[in-house]
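Counting begins at 1 with the first residue of the sequence.
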Amino acid sequence: MMMPYEMNSQCLYQKEQEEIRRDMREIEKTRVKAEITENIRTQAQEVRHQNKEYADERKRGQYETIELTLSGEIRVITKNLSVPTIPREITNMKKPHGKIFQRMDNPNESVFCLESSVGERSIKVYFKADEIGNGTYVLKRLSAQGISIWAKTVKAKKYAVQMLEMLILDAPVYQVADSAGWIKTGEGSFSFVEENCITWEYLMEVVK
């Protein structure tokens with residue numbers, strides 16, 4: 001038969017053991033909860049990383065291209081999008097076409113002439129061929145003739161250069177003499193250049 005103090009000691013021991021087991025259960029629950037939370041956070045990070053990689057890859061595959069419609073409108077369209085896109089008009093210029101004037105005495109030198117209409121006006125804009133890749137230069141010369149590119153400046157420069165590059169591909173080439181008067185041709189004969197003809201001297205004035 002247990003003495004009263006022995007019974008009290010056993011009760012205290014059982015109570016302590018129960019508290020220890022309860023504490024252990026709480027610790028385990030906290031650990032499991034933390035582990036689950038960490039797993040969720042890690043998975044979310046992985047999903048975000050994969051989504052970013054996918055988005056970056058998709059953006060790298062996208063590009064804008066300039067096109068000239070049969071009705072003479074300049075439009076830009078974004079390719080390789082996940083949804084269909086509608087081409088957008090980007091300029092008030094209509095029916096553009098170009099000519100390349102090549103210096104007879106030095107074929108490496110040339111001037112590009114853009115011909116188009118803005119409203120009721122017919123317009124000619126001349127560009128130094130070696131400056132056509134310079135968006136600031138191209139945009140400035142277009143603006144001086146009332147031709148607008150409907151985009152923010154960085155995009156407008158890009159569109160303007162792409163537009164000229166597209167037109168140059170189909171532009172006919174004309175050789176021009178340095179000045180009016182008698183000139184010697186490649187065959188050793190002579191030809192007379194009229195005063196009203198386009199000359200290299202004239203082109204150097206209009207591209208200033």
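- Rounding to the nearest 0.5 angstrom, the gap separating the NZ atom in K128 from the NZ atom in K208 is 9.5 Å.
- Here N108 contributes atom CG and Q102 contributes atom CD; the two are 8.0 Å apart, rounded to the nearest 0.5 Å.
- A side chain to side chain contact (heavy atoms under 4.5 Å, CB included) with I74 is found for one member of N92, L68, I149 and no other, namely L68.
- Ion pairing between E64 and K155 holds under the 4.0 Å rule for side-chain N and carboxylate O.
- A distance of 11.0 Å separates CG in L167 from CD in E115, rounded to the nearest 0.5 Å.
- Rounding to the nearest 0.5 Å places CG of L142 at 10.0 Å from OH of Y137.
- The environment of E89 atom CD is dense: over 12 non-hydrogen atoms of other residues, nucleotides or ligands sit within 6.0 angstrom.
- A distance of 12.0 Å separates CD1 in I77 from CD1 in I90, rounded to the nearest 0.5 Å.
- Side-chain contact check for M163 versus P96: every heavy-atom pair is 4.5 Å or farther apart.
- By the neighbour-count criterion of 12 heavy atoms within 6.0 Å, atom NZ of K140 is sparsely surrounded, having that number or fewer from other residues, nucleotides or ligands.
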- request: Check step by step if side-chain contact (heavy atoms from CB on, under 4.5 Å) holds for T65 and Q162.
  value: CA-CA 8 Å; T65 183; Q162 288 181 343; over 6 Å; no
task: Verify side-chain contact (heavy atoms from CB on, under 4.5 Å) between V111 and M204, making sure each step is shown before the conclusion.
output: CA-CA 9 Å; V111 167; M204 290 298 96; 3.8 Å; yes
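- Using a 4.5 Å heavy-atom threshold, the side chains of D178 and R103 count as touching.
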